[in-house]
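The structure appears below as structure tokens.
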Amino acid sequence: MANPLSTLLLVALLSLSAAAATRTKLQPTNNVDGGICKSLVETQGYACEEHKVTTADGYVLGLQRIPAGRSSNKTAAKLPVLLQHGLLMDASAWLLNEPDKALAFILADKGFDVWLANARGTESSRGHTSLSPNDPAYWDWSWDELTAYDLPAAFQYVNNQTGQKLHYVGHSLGTLTALAAFSQEKLLNLLRSAALLSPIAYLGQISPFGRTAADIFLAQVNRLLDFICTRPGIDCSNFLSVTTGPNCCLSSSSIDALFKHTPQTTSTKNALHLFQMVRKGTIEMYDYGLPITNMQHYRQPTPPVYKMANIPKDVPLFLSYGGRDPLSNVFDVNLLLDNLKDHDKDKLVVQFREDYAHMDFIMAMNANQVVYDPLLSFFRLH
């Protein structure tokens, strides 16, 4: 296994070194034998099912299902929960700690029917009805398509399998796609409530590291790193802290597990879209750069905006963010909350963890107590 620093360096490179072409992929992770069910779930004593769902635009996505906890029986009465990971990760993000500290296992042991989503392009979701991952057209998507196709496909599939509306948990990019969908009043007929951990909406106040990368776009990776690491306020001796903040409570074993399963593959276009958000400070669809090209895609010269204030006021939302998180920056989250200022007070729960950075919300050793217990209480109300 690669040493931690070199692996984190690769993660940083993949998230920053988008090339000029928009129909290519960023580099894949190493394969993990046996799939998520066999390698991470069944080894902990849980039943696990592998499912496939096809999106409206032809991508075949993998879903893992944990239908019951270790000591409970599978019953039709269990409420489903769909968990959606963030950028450069897959469903393994929810399974990196021991069962009493990993959210997917905790939910299963608490009596929920747990479903784990994997975004297109990740190890579990490389299929397509007509395209090969070796075809550049396969990678012609950004998080717009995750919002428009991946999330609806997963939501509808879980609803069809269980006959029930579902709770949703997103982390990082998995919060952005949900917020974007909710702002268009999509998925709401299938939703009970949504818990958003390290919520990403606005990115205008992202860390100096991310902003520098978005601004300069150097083609040569070595030149990029040399330049970034000499910028004021950036310490490249610890890329985990640089990219995700000084996480307070990660164990060495969970970090080792993280390195085995990340970085997962995403498209260059997806990275470009996120960089556009950093540069422009807006939440809008992918900008093709020229008014005439945007007209071809959107019938208007500029990309349509996802308006957070349009999220219906009665959608139950649980938001948890951290004071040390450079990606879900406190100022950006406050801008999101300002857009939600008219939300029904009994439908919005906001939690702030001063000591948490980006990865603490899915990997911290105390997250089961300080984040997941309040999250479970929220779910029980809805």
Side-chain angles (χ1 to χ4, degrees), residues 47-56 61-69 72-85 91 94 103-119 146-171 173-197 199 201 306 308 310-320 340 343-351 371-382:
C48 190
E49 304 169 3
E50 295 279 359
H51 292 254
K52 294 290 183 182
V53 59
T54 302
T55 67
L61 311 178
L63 287 149
Q64 289 80 38
R65 182 188 195 182
I66 308 175
S72 60
N73 296 321
K74 180 180 177 181
T75 67
K78 292 177 178 291
L79 294 179
V81 183
L82 177 67
L83 277 62
Q84 179 66 60
H85 61 82
W94 308 103
L103 181 57
F105 294 131
I106 291 171
L107 287 168
D109 285 333
K110 294 294 185 180
F112 290 92
D113 182 1
V114 179
W115 294 79
L116 306 174
N118 297 271
L146 304 185
T147 298
Y149 299 110
D150 286 27
L151 268 188
F155 266 67
Q156 191 62 64
Y157 186 84
V158 172
N159 176 257
N160 291 345
Q161 292 291 310
T162 65
Q164 301 191 70
K165 294 183 178 182
L166 54 95
H167 294 291
Y168 178 83
V169 184
H171 175 248
L173 189 65
T175 70
L176 174 60
T177 53
L179 287 166
F182 299 161
S183 74
Q184 298 173 328
E185 299 192 28
K186 296 178 179 178
L187 308 179
L188 302 179
N189 62 317
L190 303 174
L191 180 73
R192 288 181 180 273
S193 72
L196 308 177
L197 309 179
Y306 295 100
M308 295 295 102
N310 286 352
I311 296 174
K313 297 175 177 57
D314 59 349
V315 177
L317 297 175
F318 175 95
L319 278 69
S320 187
L340 300 176
H343 212 79
D344 291 351
K345 301 306 180 186
D346 61 340
K347 300 294 185 180
L348 179 63
V349 173
V350 179
Q351 181 192 54
V371 177
Y372 305 157
D373 280 352
L375 185 157
L376 283 163
S377 297
F378 174 79
F379 278 176
R380 293 188 185 102
L381 292 175
H382 301 284

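The first residue of the sequence shown is numbered 1, and numbering continues consecutively from there. The figures that follow rest on heavy atoms only: side chains count, while hydrogens, waters and symmetry mates do not.
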Separation of [Y] [atom2] from [X] [atom1] (nearest 0.5 Å):
X      : Y      : atom1 : atom2 : value
Leu79  : Leu166 : CG    : CG    : 10.0 Å
Leu176 : Leu146 : CG    : CG    : 9.0 Å
His85  : Leu173 : NE2   : CG    : 8.5 Å
Glu185 : Ile311 : CD    : CD1   : 10.0 Å
Thr162 : Trp115 : OG1   : CH2   : 7.0 Å
Leu151 : Leu191 : CG    : CG    : 10.5 Å

Spell out, as yes or no, whether a donor-acceptor pair under 3.5 Å connects the side chain of [X] to the backbone of [Y].
X      : Y      : answer
His343 : Val315 : yes
Asn118 : Ala91  : yes
Gln156 : Leu190 : no
Arg192 : His167 : no

Heavy-atom pair of closest approach, residues [X] and [Y]:
X      : Y      : value
Ala117 : Leu82  : CB-CD1, 3.9 Å
Leu116 : Ala104 : CD2-CB, 4.0 Å
Ser183 : Asn310 : O-CB, 3.5 Å
Leu187 : Ala181 : CD1-CB, 3.7 Å
Thr175 : Leu197 : CG2-O, 3.5 Å
Pro67  : Ala47  : CD-O, 3.6 Å

Checking ring-ring contact (aromatic ring centres under 6.0 Å, His included) between Phe318 and each of Tyr168, Tyr372, Phe378, which is the one that passes?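 Testing Phe318 for a ring-ring contact (aromatic ring centres under 6.0 Å, His included) against Tyr168, Tyr372, Phe378 leaves exactly one candidate, Phe378.
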
Leu319 and its side-chain contact (heavy atoms from CB on, under 4.5 Å) partner, picked from Leu348, Val349, Leu179: Leu348

Side-chain contact test, heavy atoms from C-beta onward, threshold under 4.5 Å: evaluate it for [X] versus [Y] and give yes or no.
X      : Y      : answer
Val114 : Trp94  : no
Ser320 : Leu375 : no
Val81  : Val158 : no
Thr177 : Asp150 : no

Passes side chain to side chain donor-acceptor pair (under 3.5 Å), Glu50 versus Gln64? Steps please. CA-CA 5 Å; Glu50 295 279 359; Gln64 289 80 38; 2.9 Å; yes

What's the verdict on side-chain contact (heavy atoms from CB on, under 4.5 Å) for Lys78 and Gln164, showing C-alpha distance, side-chain angles and the deciding distance? CA-CA 9 Å; Lys78 292 177 178 291; Gln164 301 191 70; 5.7 Å; no

If you draw a 6.0 Å radius around NZ in Lys52, do more than 12 non-hydrogen atoms from other residues or ligands fall strictly inside?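 For Lys52, atom NZ is crowded (more than 12 foreign heavy atoms under 6.0 Å).
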
For the NZ atom on Lys110, are there more than 12 heavy atoms of other groups (residues, nucleotides or ligands in this structure) within a distance under 6.0 Å?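 Count not over threshold, so no.
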
Walk me through whether Leu340 and Val350 qualify under side-chain contact (heavy atoms from CB on, under 4.5 Å). CA-CA 11 Å; Leu340 300 176; Val350 179; over 6 Å; no

The test is side-chain contact (heavy atoms from CB on, under 4.5 Å); show your working for Leu61 and Tyr157 and say whether it passes. CA-CA 11 Å; Leu61 311 178; Tyr157 186 84; over 6 Å; no

